[in-house]
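Take a look at the structure below.
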2 protein chains.
Amino acid sequence: MAAEFGDYVRKCREKKRAQSADFSLRKLAQRVGIEPSYLSKVERGQESPPSEATISSLAKELDEDPDVLLALAGKVSSDLQKIIRKRPKLFAQLIREMKNMPNHAVVRVVREVRDGDW
Amino acid sequence: MAAEFGDYVRKCREKKRAQSADFSLRKLAQRVGIEPSYLSKVERGQESPPSEATISSLAKELDEDPDVLLALAGKVSSDLQKIIRKRPKLFAQLIREMKNMPNHAVVRVVREVRDGDW
DNA sequence: TGTAGTGTTTAGTATATACTACACATATGG
DNA sequence: CCATATGTGTAGTATATACTAAACACTACA
């Protein structure tokens, strides 16, 4: 249980809380649709991260990138998985080949894909 | 339970079996490390697909692409997930942008990534 | 005719996932 | 002082995952 997810969520929440009282553990939990005790344990890494749906809801409330939160939770968004599963060979090859590429190179590929007339 | 996974595995096994008697359900199950009854049910789609480890072992024995088998099982290889999770924003963007690209375009990107001097 | 091998049926299990429900302790403001 | 809100501790739950174990029925062949 890396607890990294919990730490991050707690930090985000406390940042939000500095500006709005709507971000107490209890209130956030309610909006997300889980019990406060559960959120408490999750934030302290005492429980493993919640489901994808709950993480997405959490991300939305906290104005965070769902993919990042999911990553911290050791997951990959199911919609991405679905895309990959439609062309497993191609995507597997592509992703594995990009594994060790430096960040700026990946950015360049992303841009090319976005702008190119594929 | 799409059963597509099971159907495919059974076909692969029967193809192999036409050439070698080592591909009876029982023998394959033994090499893979599961009970024959379980493999039987999986092949007929009566049970949901097995774990990633078991699928990989199955793929190896059947000379099939693990990524393809995993895809049929509704999964994405954990090593790919790990790569994505290291740079969730970049990969998420890239994959989503490639979602609707025609096959040949994806192939081209893969080639460029492989050959380019990124 | 029996025994070896085939796939299948039925019943059950251990572990993980994703939580809930309720009670408790502390602090804070009116 | 007490009502309210805060976070936390303890115990328990439903469902899914990933299987095992043992027995059954059929076929082949020696």
Side-chain angles (χ1 to χ4, degrees), chain A residues 1-3 5-7 9-59 61-62 66 69-70 72-78 81, chain B residues 1-3 5-7 9-59 61-62 66 69-70 72-78 81:
Chain A
M1 244 182 279
F5 174 81
D7 287 351
V9 168
R10 174 145 292 193
K11 258 192 234 161
C12 292
R13 185 172 62 81
E14 287 180 342
K15 210 172 287 177
K16 283 274 173 189
R17 195 159 196 278
Q19 283 143 5
S20 153
D22 288 347
F23 287 85
S24 79
L25 193 147
R26 281 176 127 95
K27 288 189 181 165
L28 178 58
Q30 180 170 26
R31 289 203 301 283
V32 167
I34 55 176
E35 290 294 310
S37 59
Y38 182 48
L39 179 55
S40 168
K41 279 177 287 186
V42 166
E43 283 191 355
R44 285 170 300 127
Q46 201 180 107
E47 284 266 9
S48 40
S51 68
E52 178 172 349
T54 296
I55 291 174
S56 296
S57 174
L58 221 32
E61 290 297 331
L62 294 171
L69 274 196
L70 284 168
L72 287 172
K75 313 193 192 227
V76 169
S77 164
S78 57
Q81 297 202 33
Chain B
M1 246 183 277
F5 174 82
D7 287 350
V9 167
R10 174 146 290 191
K11 258 193 233 160
C12 291
R13 184 172 63 82
E14 286 180 341
K15 212 171 286 176
K16 283 272 173 191
R17 194 159 197 274
Q19 284 145 4
S20 153
D22 289 347
F23 287 86
S24 79
L25 193 148
R26 283 177 127 93
K27 288 188 180 164
L28 177 59
Q30 181 170 25
R31 288 203 301 283
V32 167
I34 55 177
E35 290 294 310
S37 60
Y38 182 48
L39 179 54
S40 168
K41 280 177 288 186
V42 166
E43 283 190 356
R44 286 171 300 128
Q46 200 181 110
E47 285 265 11
S48 41
S51 69
E52 178 172 350
T54 297
I55 291 174
S56 295
S57 173
L58 221 31
E61 290 297 329
L62 294 171
L69 275 195
L70 284 168
L72 288 171
K75 313 192 191 225
V76 169
S77 164
S78 57
Q81 298 203 34

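Proteins come first, then strands; the chains are lettered A, B, ... in the order of their sequence lines, and each starts at number 1.
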Polar pair under 3.5 Å, donor/acceptor by atom type, side chain B:Lys41, base C:dT10: yes
Among D:dA21, D:dC19, D:dG9, the nucleotide that comes nearest once only the side chain of A:Ser37 is considered: D:dG9
Just verifying a value: how many Å separate B:Glu14 CD and B:Glu43 CD, rounded to the nearest 0.5 Å? 7.5 Å
Taking B:Glu52 for its side chain and B:Lys75 for its backbone only, find out whether a donor-acceptor pair lies under 3.5 Å. no
For B:Glu47 and C:dT10, what is the distance between atoms CD and P respectively, to the nearest whole Å? 13 Å
Between B:Arg13 and B:Leu28 (side chain of the first, backbone of the second, donor and acceptor by atom type, cut-off under 3.5 Å), is there such a pair? no
With a 3.5 Å distance limit and no angle check, can you tell me whether B:Arg10 reaches the backbone of B:Gly6 through a side-chain donor-acceptor pair? no
Any B:Arg44 side-chain nitrogen or oxygen under 4.0 Å from OP1 or OP2 of C:dT9: yes
Given C:dT6, is OP1 or OP2 found less than 4.0 Å from the side-chain N or O atoms of B:Ser24? yes
For B:Leu58 and D:dC19, what is the distance between atoms CG and C1' respectively, to the nearest whole Å? 14 Å
Among the nucleotides D:dG7, C:dT9, C:dA21, which one has an atom lying closest to any side-chain atom of A:Arg26? D:dG7
Do the side-chain N or O atoms of B:Thr54 get closer than 4.0 angstrom to the phosphate oxygens (OP1, OP2) of D:dC19? yes
Please state whether the phosphate of C:dG5, meaning OP1 or OP2, lies under 4.0 angstrom from any side-chain nitrogen or oxygen of B:Arg17. no
Over how many whole Å does the gap from A:Ile34 atom CD1 to C:dT17 atom C1' extend? 14 Å
Please determine whether a side-chain nitrogen or oxygen atom of B:Lys75 lies at a distance below 4.0 Å from atom OP1 or OP2 of D:dA18. yes
For the pair made of CG in B:Leu39 and C1' in C:dT8, what is the distance, rounded to whole Å? 12 Å
Of the nucleotides C:dG7, D:dC19, C:dA18, which one has an atom closest to the side chain of B:Ser40? C:dG7
Answer yes or no: is there a donor N or O on one side and an acceptor on the other, between the side chain of A:Gln81 and the main chain of A:Val76, under 3.5 Å? yes
Whole-Å gap separating C1' (D:dA5) and CG (A:Leu28): 16 Å
What's the OH-C1' distance between B:Tyr38 and C:dT10, to the nearest Å? 16 Å
Under 4.0 Å between a side-chain N/O of A:Ser51 and OP1 or OP2 of C:dC19, yes or no? yes
Rounded to the Å, how far apart are B:Gln30 CD and C:dG5 P? 11 Å
Between P on C:dG5 and CZ on B:Phe23, what's the gap in Å once rounded to a whole number? 18 Å
Short side-chain N/O contact to C:dG7 OP1/OP2 from B:Arg13, under 4.0 Å: yes
Is there a donor and acceptor pair closer than 3.5 Å between the side chain of A:Ser48 and the base of C:dA16? no
